[in-house]
Amino acid sequence: MRIVRTTNRRALERLFARDRARDREVALKAARIVADVRRRGDRALTRWMRELDDVKPPFDVTRRAMDEGWRRTSPEVRRAIRKAARAVRTVAERQLPRSFAVDTADGVRIEQRVRPFGRVGCYVPGGRHPLPSTVLMTAVPAAVAGVGDIVVACPRPAPEVLCAAVEAGVSRVLRIGGAQAIAALAYGTTSIARVDKIAGPGNVWVTAAKALVASDCAIDLPAGPSEIVVCANRGRADWIAIDLVAQAEHDPQARAVFVTTSSRLAAGVSSAIGAMRLAAGPARASLAKHGAIVIARTRGEAVEIVNRLAPEHLVCDAPFDPDQFTTAGTIFRGRWSAQAAGDYATGSNHVLPTGGAARTRGGLSTSDFVRTFTVQTIGERGLRAIGPAAIALAKAEGLEAHAESIAIRLRPEF
């Protein structure tokens with residue numbers, strides 16, 4: 001990992017920058033796939049699944065196969081899945097928006113109502129290793145929200161993924177992936193009903209496809225290659241190093257950054273990573289291309305750098321406090337708070353914003369699977385109480401018909 005001092009502004013700006021050219025190229029190719037599936041449905045889906053993933057129809061995983069996946073999963077992993085699901089469910093239940101009613105004036109009642117989506121699609125990557133945790137993180141909050149039809153898309157669902165789908169109460173599992181899966185879920189085909197919302201992380205193709213369909217089908221958040229920032233001035237170099245490597249092993253495009261004011265700790269972390277002698281693979285590629293150790297001049301400057309990075313995951317240790325940071329997807333506080341534990345078993349959701357999106361939102365939650373809307377009830381007494389103010393504001397904005405629609409109700413003959 002390269003060491004960057006904040007006096008090197010050019011290197012720092014490169015760290016903050018995103019590779020827009022690559023994104024544009026991927027977006028163009030993803031757009032071709034999405035348009036084809038939208039136009040030709042199952043025929044296009046079959047073509048792209050064969051060409052890109054070497055997966056052929058039928059795409060539906062039968063209930064018998066799902067149950068078989070449960071049986072083929074080791075008892076230890078089954079217990080872990082069940083325990084993790086309970087934790088995710090506990091947090092998700094507290095996150096659920098509540099209905100309420102409030103009187104804003106005598107005779108004016110506003111009610112908030114919460115209704116779940118009818119059908120959602122949960123995308124689960126099918127790469128080098130199975131990701132049952134992603135099934136739990138997407139499907140369990142949807143189930144808690146009351147979604148009636150939960151569809152999982154995974155091009156190669158391993159037994160552990162099917163086991164998690166059974167535990168989460170998934171309705172249907174489809175062996176589809178990539179931009180073509182996102183298009184099929186968003187627009188529907190003869191064999192696949194369109195969904196109201198798509199949730200779940202994926203590679204650059206999935207992320208690009210989600211952006212393309214977002215105007216027609218709701219999506220959760222931009223969830224691209226994983227990111228971690230560790231910010232600390234004290235602590236053991238070995239745990240900081242392994243936290244960085246742990247996220248880097250997700251993807252060659254993952255970003256792992258250590259921010260500190262301690263040159264000694266920076267050198268220690270660099271040495272600890274070097275001593276690991278990482279084999280060729282995602283972690284090595286990620287750290288070489290996107291990894292960095294940033295040495296700030298002051299603690300305030302370190303905080304400013306972290307907030308500008310807006311990382312998906314932030315691990316902070318003394319003397320830094322979570323209240324100093326405003327733009328992380330999720331924050332792990334203290335040396336015992338292993339970020340990897342949050343990927344699986346704490347109950348907090350691991351589907352998190354990347355690419356700077358943490359500036360405006362946090363991770364996936366139950367609220368992502370419901371609609372909230374209001375019902376307004378105004379009685380005669382209520383309209384007489386608030387009508388004059390509403391008329392005055394309507395006239396101030398030059399909207400005479402607005403004003404008259406209220407005034408007509410306040411006249412004796414109404």
Side-chain angles (χ1 to χ4, degrees), residues 1-24 201 204 207 211 220-235 240-241 243-248 250-263 265-266 269-270 273 286-334 337 339 342 348-364:
M1 291 177 73
R2 67 190 185 277
I3 294 180
V4 176
R5 292 187 177 273
T6 52
T7 50
N8 187 344
R9 301 306 300 179
R10 181 174 295 179
L12 205 57
E13 288 302 321
R14 282 200 299 269
L15 185 64
F16 294 139
R18 300 295 194 271
D19 189 349
R20 303 297 181 189
R22 185 191 69 223
D23 291 348
R24 284 195 296 272
V204 291
T207 300
D220 52 350
L221 46 83
S226 193
E227 304 169 342
I228 185 172
V229 170
V230 179
C231 186
N233 280 354
R234 291 184 289 226
I240 295 172
D243 272 15
L244 296 170
V245 172
Q247 282 307 112
H250 274 297
D251 190 305
Q253 302 300 323
R255 292 162 59 91
V257 178
F258 176 45
V259 180
T260 184
T261 63
S262 170
S263 297
L265 186 55
V269 171
S270 180
I273 292 174
S286 166
L287 294 174
K289 188 173 182 181
H290 302 291
I293 296 173
V294 179
I295 302 175
R297 289 168 291 188
T298 66
R299 279 186 275 175
E301 187 177 57
V303 170
E304 182 182 344
I305 289 166
V306 172
N307 282 333
R308 187 168 174 191
L309 286 169
E312 177 188 20
H313 307 93
L314 170 62
V315 181
C316 67
D317 200 7
F320 298 97
D321 185 270
D323 288 343
Q324 296 177 277
F325 303 104
T326 58
T327 62
T330 187
I331 300 176
F332 296 82
R333 181 181 190 175
S337 300
Q339 183 273 310
S348 186
N349 208 291
H350 82 197
V351 179
L352 297 159
T354 62
R359 292 186 182 92
T360 57
R361 68 155 295 162
L364 192 71

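Computed from heavy atoms alone, side chains included, the values below leave out hydrogens, waters and symmetry copies.
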Report task. Among L352, N349, V315, L314, find the one that has a side chain to side chain contact (heavy atoms under 4.5 Å, CB included) with T330. Result -> L352
Query raised in the report: P319 versus R234: any side-chain heavy-atom pair under 4.5 Å?
Result: yes
Query raised in the report: Do the side chain of R359 and the main chain of R308 share a donor and acceptor less than 3.5 angstrom apart?
Result: yes
**Report entry** Stepwise side chain to side chain contact (heavy atoms under 4.5 Å, CB included) check, D243 with F258
**Finding:** CA-CA 10 Å; D243 272 15; F258 176 45; over 6 Å; no
Query - Between S262 and N233: side-chain donor-acceptor atoms closer than 3.5 Å - result: no
Query - Exercise: identify the closest heavy-atom pair between G363 and L221 - result: C-CD2, 4.2 Å
Query raised in the report: Got a second to check how far E13's CD is from N8's CG, nearest 0.5 Å?
Result: 10.5 Å
Report task. Check whether any side-chain heavy atom of M1 lies under 4.5 Å from a side-chain heavy atom of L244, and answer yes or no. Result -> yes
Query raised in the report: Does the side chain of E301 reach to within under 4.5 Å of the side chain of T261, using non-hydrogen atoms?
Result: no
Report task. Determine the sole option in V294, L15, I293 for which the side chain to side chain contact (heavy atoms under 4.5 Å, CB included) test with R2 is passed. Result -> L15
Report summary line: Scanning both residues in full, the closest heavy-atom pair of V303 with Q324 reads CG1-O, 3.3 Å
Query raised in the report: Hey, is CD on E304 packed in by over 12 heavy atoms from elsewhere, all under 6.0 Å?
Result: no
Query raised in the report: For I295 and S263, which heavy atoms make the closest approach, and how far apart are they?
Result: CG2-OG, 3.9 Å
Query raised in the report: Judged by modelled atom types alone, do T354 and E227 share a side-chain donor-acceptor pair under 3.5 Å?
Result: no
Query - CZ (R361) with more than 12 external heavy atoms under 6.0 Å - result: yes
Query raised in the report: If every non-hydrogen atom of I305 is compared with every non-hydrogen atom of T6, which pair is closest and at what distance?
Result: CD1-CG2, 3.2 Å
Requested in this report: Begin with the C-alpha distance, continue with both residues' side-chain angles, and end with the deciding distance and a verdict on side chain to side chain contact (heavy atoms under 4.5 Å, CB included) for T260 and I240.
Outcome: CA-CA 11 Å; T260 184; I240 295 172; over 6 Å; no
Query raised in the report: What pair of heavy atoms forms the shortest contact from A328 to A358, and how long is it?
Result: C-CB, 3.8 Å
Query - Shortest non-hydrogen contact from D317 toward G235 - result: OD2-CA, 4.4 Å
**Report entry** Atom pair CD/NE2 of Q247 and H290 - distance to nearest 0.5 Å
**Finding:** 14.0 Å
Query raised in the report: Going from CZ on R5 to CZ on R297, what distance comes out if it is rounded to the nearest 0.5 angstrom?
Result: 11.0 Å
Requested in this report: Mind running side chain to side chain contact (heavy atoms under 4.5 Å, CB included) on L309 and F16 for me, showing each step along the way?
Outcome: CA-CA 6 Å; L309 286 169; F16 294 139; 3.5 Å; yes
Query raised in the report: Once you round to the nearest 0.5 Å, how far does OG of S337 lie from CD1 of I331?
Result: 11.5 Å
Requested in this report: Check step by step if side chain to side chain contact (heavy atoms under 4.5 Å, CB included) holds for R333 and D321.
Outcome: CA-CA 8 Å; R333 181 181 190 175; D321 185 270; 2.8 Å; yes
Query raised in the report: Given side chains that start at C-beta, do those of H313 and S226 come closer than 4.5 Å, heavy atoms only?
Result: yes
